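Quantities reported herein were computed from a predicted structural model and do not represent experimental measurements.
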Amino acid sequence: MLRARPGPMALSPGFPDPMTVVTRFAPSPTGSLHIGGARTALFNQLYARHTGGKFLLRIEDTDRERSTEANVQIILDGLSWLGVTPDAEPVFQFARADRHREAVAAMLANGGAYRDFTPPAEQDAERERARAEGRVVRSAWRDRDPSEAPPGAPHVVRLKAPLDGETVVDDLIKGQVTFQNRELDDLVVLRTDGSPTYNLAVVADDHDMGVTHVIRGDDHLNNAARQSLIYQALGWEVPAFAHLPLIHGPDGAKLSKRHGAQAVGEFADLGYLPEALRNYLARLGWGHGDDEIFSDSQAEAWFDVKDVVKAPARLDWAKLNHINQQYIREADNDRLTELTLAVHQGRGVQVSADRLASLPAVVALVKEGAQTTLQLADLTLFALKSRPLALDSKTQAQLGEETRERLARLRDRLTASKWEVPALEVEIRAFAEAEGIGIGKFGPALRGVLSGGAPAPDLASTLVSLGREEALGRIDDALSQVQ
RNA sequence: GGUCCCUUCGUCUAUCGGUUAGGACACCAGAUUUUCAUUCUGGGAAGAGGGGUUCGACUCCCCUAGGGACUGCCA
């Protein structure tokens with residue numbers, strides 16, 4: 001349960017500057033920050049920045065049963081990690097319940113709403129009847145005199161929606177969407193317990209926050225029509241709407257647990273860089289010509305909601321991986337080292353101070369081939385192992401007598417070499433030539449001895465990144481091992 | 001059931017009445033090669049179906065099919 005928290009009640013009144021765009025992201029803390037929600041937030045921020053406007057955050061915590069403080073924190077952390085940051089302190093919807101009740105009172109006063117005293121069980125029955133008859137819910141109390149009800153009787157307040165005519169939602173993405181008013185029901189705006197409902201709260205908050213552009217998921221398109229009616233009942237200007245198509249799983253079905261990560265936090269755990277995820281998410285449902293990899297400022301300069309694609313997009317892990325790889329290449333080595341170390345630590349890898357010192361150079365060496373920081377950890381593991389290394393079976397199998405003798409000779413040769421990549425490369429080639437064999441005859445064995453079977457870069461680079469003492473020591477360990 | 005939305009390569013997209021329908025990821029083949037990866041070259045791959053409108057439709061309109069959302073005193 002979420003406890004009431006003091007929210008900023010004093011909000012910017014109306015539209016201070018009609019030219020200024022105000023967007024908002026309005027998640028409900030009944031769960032974590034979903035990847036689809038993250039993209040919605042991103043688009044809101046991009047549009048606000050594109051237009052020089054403001055991007056706001058509102059936590060819709062009016063479901064007291066399911067909203068939790070922990071989820072609020074997860075959403076805040078997720079957005080912060082992703083780099084989507086509102087331009088003002090978040091607004092908590094529940095804290096504004098009084099204001100919402102005020103709005104309902106105004107609707108009641110001007111005839112835009114009515115009290116419905118129908119008992120809940122009867123309302124359920126009416127809903128089923130309405131559905132069976134293919135019509136929308138209307139209460140008998142719509143036209144009854146409230147004084148007919150016993151004083152103080154429990155009731156809800158419903159919107160008195162128009163019975164005919166049509167409501168047009170002028171959507172920036174979908175175009176003009178027309179709804180027949182007879183299809184729009186008298187939705188409840190105030191519950192029996194006096195708490196406001198979602199559609200009412202959204203309208204009141206968006207109005208009070210000065211939101212000019214409501215950019216949200218496709219699943220709200222139908223709500224947009226009903227909300228338009230509430231705006232009208234309140235005599236408020238209807239904001240511009242833009243309904244984003246949803247993100248589906250790789251198989252086209254609704255995104256769910258079985259598709260892997262769903263929550264933004266999981267993407268961090270899977271080794272993705274926030275800037276890479278931003279870039280990928282921006283390309284999901286939106287594009288700018290042939291541009292695939294672009295900076296935040298480019299995205300801000302190019303992005304416009306009207307260019308958002310109408311059809312739902314699927315999450316494509318392979319492409320996300322590719323984009324992440326591009327960003328890892330460009331990322332700062334110290335930062336990558338830190339991220340990589342965190343992965344190793346999470347895996348319980350024990351790292352000595354000596355080995356740790358070699359990590360930055362190794363990260364720089366292997367980062368081109370890594371798609372995620374998880375892979376970065378895989379590719380750097382060889383350098384962090386402590387002597388004596390446990391050799392994998394593949395390497396052990398290669399260490400026959402002939403190969404061991406060969407490695408011993410190579411070791412002597414390397415000992416005399418300068419410990420630099422070009423020099424070692426020359427030595428290795430010269431050695432192969434002297435032995436009259438190809439590098440393939442001993443290269444894999446040497447690599448295995450040096451890495452214990454973990455992936456490692458080319459031999460000379462591996463030797464250098466381990467350092468002379470460590471590298472020679474690892475060879476000695478392997479050669480002295482009893483077969 | 002009702003209302004609404006959507007439909008270009010496997011995937012993300014470009015096109016905005018006239019293109020050999022472009023790019024990216026993935027995939028396949030080849031080159032390089034001391035593992036994995038990287039890199040380079042090449043290749044296959046699309047307008048859901050049917051009607052219109054038009055000199056000309058991926059592009060505009062209609063129908064069908066398929067997918068999705070909503071239909072709560074949840075948000």
Atom P, compared across B:G44 and B:C4: separation rounded to whole Å:
44 Å
Find the distance A:His322:NE2 to B:A37:P and express it as a whole number of Å.
15 Å
Might you work through the side chain to side chain contact (heavy atoms under 4.5 Å, CB included) test for A:Asp458 and A:Glu425, ending with a clear yes or no?
CA-CA 9 Å; A:Asp458 66 86; A:Glu425 261 172 7; 4.2 Å; yes
Can you measure A:Arg182 atom CZ to B:C4 atom C1' for me and round it to whole angstrom units?
14 Å
Do A:Asn199 and A:Gln227 have side-chain N/O donor and acceptor atoms under 3.5 Å apart?
yes
Indicate yes or no: at least one non-hydrogen side-chain atom of A:Val156 is less than 4.5 angstrom from one of A:Gln123.
yes
Tell me whether the side-chain N or O atoms of A:Arg447 pair up with the base of B:U34 as donor and acceptor below 3.5 Å, since no angle test is needed here.
yes
If pairing requires Watson-Crick or G-U wobble contacts with both distances under 3.5 Å, which nucleotide is the partner of B:G1?
B:U71
Please confirm whether A:Arg64 makes a cation-pi placement over A:Phe94, using NZ or CZ under 6.0 Å from the six-membered ring centre and within 45° of the ring normal.
yes
Taking any strand in view, what nucleotide pairs with B:G10 in a Watson-Crick or G-U wobble way, both distances under 3.5 Å?
B:C25
Considering Watson-Crick and G-U wobble pairs with both distances under 3.5 Å, what does B:C40 pair with?
B:G30
Partner of B:U53 under the Watson-Crick or G-U wobble criteria, both distances under 3.5 Å, comes out as none
